[in-house]
Amino acid sequence: MVTDNSSGEMFCGNCGFVVSERIEELGPEWRAFSKEEHEDRSRAGIPTSLAMHDMGLATIIGPVDKDASGKPLSASMKSTIERLRTWDSRSQVHEPVDRNFRQAFSELDRLKDKLAVGDAVIEKAAYVYRKALEKGLVRGRSISALVAAALYAACRDTETPRTLKDIANASNIKKKDVARCYRLLIRELDLKMPVVDPVKCVARIASKAGLSEKTKRKALEILKKAEEGKISAGKDPMGLAAAALYVACVMNGENKTQKDVAEAAGVTEVTIRNRYKGLKTHLRL
Amino acid sequence: MPQTKPIVSIENVVASATVNQTVNLNLITQIFPDVEYHPDQFPGLVFRLRSPKTATLIFSSGKMVCTGAKSEKMAIQAVKNVVLKLKKGGIPLEHEPQIEIQNIVASASLGGKIHLELAARVLPRSMYEPEQFPGLIHRMLDPKTVILLFASGKLVCTGAKKESEVYRAVGNLHTLLEEKNLMIYEG
DNA sequence: AACTTACTTTAGAAAGC
DNA sequence: GCTTTAAAAAGTAAGTT
């Protein structure tokens, strides 16, 4: 359960349902749906359950720097919350909100299983989606695409290794569209995301390609040495991780071709070769 | 503090214009066989000039969009040239075109390499997504422009409506990057 | 492998779907 | 939102030779 101290409203961090009496006082057109309806839906199992309210994104929005479980908020959440405090929560006073929520959150629920992400990630995605809805970013746009983008944003923020391709495939939305909506969210909601860490990509590629633990460790060493210093800026983290793993395979005598690694990483062999050149020069291999 | 003055070059100027009267695009097509006009896919007729090398979109409303010029002056001259050619070709145009510069795209090179990762965290209104695009996207408020900054120290500035704004934007960014120690000067 | 060509991002206008 | 125009940056991709 998330409480926004600046407005006094409380909402479900999982499905975005606004619970506070204050909102309801504003009139029926301000409500997504009644508490009773929300509870009915919760019992039906689709959107969410109130039992999950103290998990994951449980956050107190206000001049505090800790979340509901007492852990400090990340800098990105703090800046986001700071901004949310000044928002006019009455920016979108429309009736189809109910329908919108239903569709958005059932889709999020569906994606949860397809992508096997945790509840905390889903809650964050719901949180981001609700903010996008409040700011009117959903009008004229595909709800599915925005839900997918919100989920990608949640994965990025929690450093959950899911690529744009993963989200695009699971949601049947073009990767380009998910990316465009994701950038819209970052821009309009002033979100700050950590840059994708190639180190996080290594584990994924290694397991997909069936590489050994030692090769994985070696790749991590290589990436560490190559250190974001100069050869990584502007390069696709997947390409960097793939090249590091390929080099590690060669060093450990693990018989894997560039094609094997490339396929597991979702990049081309040419890219691995290009990154390899950089690593070779930089590490003087 | 390695003072390297940014090298800026205007790459493209977009201007809109109007001749304040409707024009017959089909007639233009008959008189100028080289124009492209496919009303089913786009309402504008494409009129290309070799000098200044530009492409001007002409609409039946008499409004136009000229792209490709390398300076404000060239963009204005290009529009005038187009109008002059239309007149010479027999298109009855009674007024001089009203021209407005809408956007200027420029490329530039700062003196050294950039610490993009750090810049993404320090610069406000910036986004750096290497999986999607190699450059950092920075939205400057004054002048209101968008700058694509690359690790090489080269950049693209777009959104400016005056050439002076381009220089101001690049200068502002350069100063900001040096202040925050985001530049790496070396061989 | 190299080459070529092409697509990703940014801004902005035009008229219409 | 899309369609069309032009242009740069650097990375990645795909098709040929």
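Each chain gets a letter, A, B and so on, in the order the sequences are listed, and its residues count up from 1.
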- Message: For nucleotides 10-17 of chain D, give me one character per nucleotide, 5' to 3': B if any protein heavy atom sits under 4.0 Å from the base, S if the only such contacts are to the sugar-phosphate, - if neither.
- Response: BSSSS---

Return the nearest nucleotide to the side chain of [X]; candidates are [options].
X: Lys176(A); options: dT8(C), dA9(D), dG12(C); answer: dT8(C)
X: Val65(B); options: dT9(C), dA14(C), dG12(C); answer: dA14(C)
X: Val156(B); options: dA14(C), dT10(C), dG12(C); answer: dT10(C)

- Does the pair Arg183(A)/Glu129(B) count as a salt bridge with the N-to-O cut at 4.0 Å?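 No, this pair does not count.
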
- Item | Salt-bridge present (Glu36(B), Arg48(B); N to O < 4.0 Å) |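 Yes, charged N to carboxylate O under 4.0 Å.
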
- Message: Looking at Ser16(B) and dA13(C), is any side-chain donor or acceptor paired with a base atom of the opposite kind under 3.5 Å?
- Response: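 Answer no: no donor N or O sits under 3.5 Å from an acceptor.
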
- Query: Are the aromatic ring centres of Phe47(B) and Tyr37(B) under 6.0 angstrom apart?
  - Reply: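 No: the rings miss the under 6.0 Å criterion.
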
- Task: Just jot down the side chain to side chain contact (heavy atoms under 4.5 Å, CB included) partners of Thr163(A), sequence neighbours excluded, or say none.
- Result: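 By the side chain to side chain contact (heavy atoms under 4.5 Å, CB included) rule, Thr163(A) matches Lys165(A), Asp166(A), Arg204(A), Met238(A).
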
- Task: Between dC3(C) and dA6(D), how far apart are the C1' atoms? Round to whole Å, please.
- Result: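 That atom pair is separated by 25 Å.
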
- Task: Between Val105(B) and Ala17(B), name the one whose nearest nucleotide on DNA chain C is closer to the 5' end.
- Result: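 With Val105(B) and Ala17(B) compared, the 5'-side residue is Val105(B).
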
- Message: Under a plain distance cut-off of 3.5 Å, with no hydrogens placed, do Asp177(A) and Ser142(A) share a side-chain donor-acceptor pair?
- Response: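 Judged by distance alone, the side chains do not pair up.
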
